[in-house]
There are 2 protein chains.
Amino acid sequence: MTAHDLTKNQEMVLGALSAADGPLSAYTILDRLRDRGFRAPLQVYRALDKLLDYGLVHRLESINSFVACAHPHCHAHGSLAFAICEKCGQVEEFSDATVQSRLADWSREHGFKPSKTAIEIRGTCAACLAV
Amino acid sequence: MTAHDLTKNQEMVLGALSAADGPLSAYTILDRLRDRGFRAPLQVYRALDKLLDYGLVHRLESINSFVACAHPHCHAHGSLAFAICEKCGQVEEFSDATVQSRLADWSREHGFKPSKTAIEIRGTCAACLAV
DNA sequence: TCTCCTGTGTAATGATATTACATTCATTGC
DNA sequence: GCAATGAATGTAATATCATTACACAGGAGA
Ligand SMILES: [Zn+2]
Ligand SMILES: [Zn+2]
Ligand SMILES: [Zn+2]
Ligand SMILES: [Zn+2]
């Protein structure tokens with residue numbers, strides 16, 4: 001895993017996501033970077049595209065948001081799973097080898113060639129349940 | 001499972017989804033029902049909300065679309081999975097007990113209370129690979 | 001230098017989803 | 001029957017998310 005050489009915009013977008021305590025929408029990222037020169041959604045989306053390619057950022061399909069990878073140095077990213085708290089917005093990123101292999105089995109058995117898998121559990125996190 | 005008494009709008013939306021050969025976006029449904037009196041997105045979204053409640057329709061988070069349940073009579077809908085072909089748009093709905101239980105395990109171990117789970121594999125289906 | 005490729009800036013547009021408010025309709029209790 | 005209630009509907013406006021189109025800037029290599 002080579003350290004990617006990020007451009008200025010990519011650095012800023014990744015910085016915004018890393019600084020956040022939860023996932024951000026593209027437009028929220030834009031707002032947070034306005035005083036650093038960002039003006040248009042496309043600047044954010046273009047940077048996100050690359051960061052997604054590099055595996056430094058993940059997209060949460062069910063909430064149209066993006067989150068910095070929790071384990072960017074570990075390349076073991078097969079099909080990831082996310083637990084998303086609907087109360088506080090916190091996200092836990094995890095992966096489960098059994099889940100991955102079961103889904104891979106299904107794909108093989110059905111002649112389906114997977115390209116990208118989304119596993120997202122929405123609910124309430126332990127901290128919010130404890131309140 | 002009691003047969004739900006669908007309203008006129010709900011019937012029409014479900015009908016449009018059932019007649020389609022793949023998932024439809026809310027606005028596509030709207031277009032297909034314009035000559036049956038539909039005028040505004042909200043008419044579609046309201047019907048979809050109920051149909052989702054009843055389990056007659058599923059939402060595909062990763063493509064912002066909706067699909068009629070493939071097994072509406074079988075109530076075994078725990079956490080479903082979908083394989084979505086990016087070439088032809090066909091969707092296969094399935095469920096895997098092992099996947100479900102592994103995700104339930106993770107949730108229990110982390111004190112996370114799940115409410116809705118999305119498992120969506122995008123890729124290329126057997127038919128499209130065969131071309 | 002010329003060309004190619006990547007990244008960037010900007011405006012406009014397209015696509016998806018919700019809020020707000022008024023109205024209609026069936027059900028229930030009197 | 002008739003008022004009260006709650007569910008469903010109609011419509012407009014707005015909010016949110018994402019892409020297309022086009023012009024320009026800079027670096028790498030022929
Ligand atoms: Zn990650
Ligand atoms: Zn929480
Ligand atoms: Zn189903
Ligand atoms: Zn296909």
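So that the names make sense, note that chain A is the first sequence line, chain B the second, and so on, each numbered from 1. Small disclaimer: the values here were computed from a predicted structure and weren't measured.
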Starting from C1' on D/dC17, measure out to CD on B/Glu61 and report it in whole angstrom. 14 Å

Measuring to OP1 and OP2 of C/dA15, would you say a side-chain N or O of B/Asn64 lies under 4.0 angstrom away? no

Just say parallel, tilted or perpendicular for the rings of B/Tyr45 and B/Tyr27, cut-offs at 30° and 60°. perpendicular

C/dG7 phosphate, OP1 or OP2, under 4.0 Å from A/Lys50 side-chain N/O: yes

Given the options A/Val44, A/Leu24, A/Val13, A/Leu30 meets side chain to side chain contact (heavy atoms under 4.5 Å, CB included) only with A/Val44

Given side-chain contact (heavy atoms from CB on, under 4.5 Å), test B/Ile121 with A/Ser107 step by step and report yes or no. CA-CA 9 Å; B/Ile121 312 175; A/Ser107 295; 4.1 Å; yes

Taking only Lys NZ, Arg NE, NH1 and NH2, and the carboxylate oxygens of Asp or Glu, determine whether A/Arg122 and A/Glu120 approach each other closer than 4.0 Å. no

Judged by nearest nucleotide, the residue sitting upstream toward the 5' end of DNA chain D, A/Ser65 or B/Leu42, is B/Leu42

From CG of A/Leu60 across to C1' of D/dC17 the rounded distance in Å is 15 Å

Of B/Lys8 and A/Asp49, whose closest DNA chain D nucleotide lies nearer the 5' terminus? B/Lys8

Under a 3.5 Å threshold, yes or no: a donor from one side chain and an acceptor from the other, between A/Glu93 and A/His58? yes

Given atom CG of B/Leu48 and atom P of C/dT16, what is their separation to the nearest angstrom? 13 Å

Residues within residues 22-34 of chain A bordering DNA chain D, heavy-atom distance below 4.0 Å: A/Ser25, A/Tyr27

Check the phosphate of C/dT8 against A/Thr7, side-chain N and O only, distance under 4.0 Å to OP1 or OP2. Yes or no? yes

Of the candidates C/dG7, D/dA18, C/dA17, the side chain of B/Arg59 sits closest to C/dA17

To the nearest angstrom, the CG-C1' distance between A/Asp53 and C/dG7 comes to 14 Å

Is it true that A/Glu86 and A/Thr124 share a donor-acceptor pair across their side chains at a distance under 3.5 Å? no

Taking 4.0 Å as the cut-off, does a side-chain nitrogen or oxygen of B/Asn9 come that near to OP1 or OP2 on D/dA8? no

For B/Arg39 and C/dT24, what is the distance between atoms CZ and P respectively, to the nearest whole Å? 17 Å

Nearest-nucleotide pick for A/Arg46, side chain only, options being D/dA18, C/dT8, C/dA17: C/dT8

Hey, are A/Thr98 and A/Ser101 close enough side-chain-wise for a donor-acceptor pair under 3.5 Å? no

Atom pair distance, as rounded to whole Å: CD1 in A/Ile63 and P in C/dA17: 14 Å

Would you mind reading off the distance between A/Tyr45 atom OH and C/dG9 atom P, rounded to a whole angstrom? 17 Å

Please determine if a side-chain N or O atom of B/Gln43 lies less than 4.0 Å away from the OP1 or OP2 oxygen of D/dG10. yes

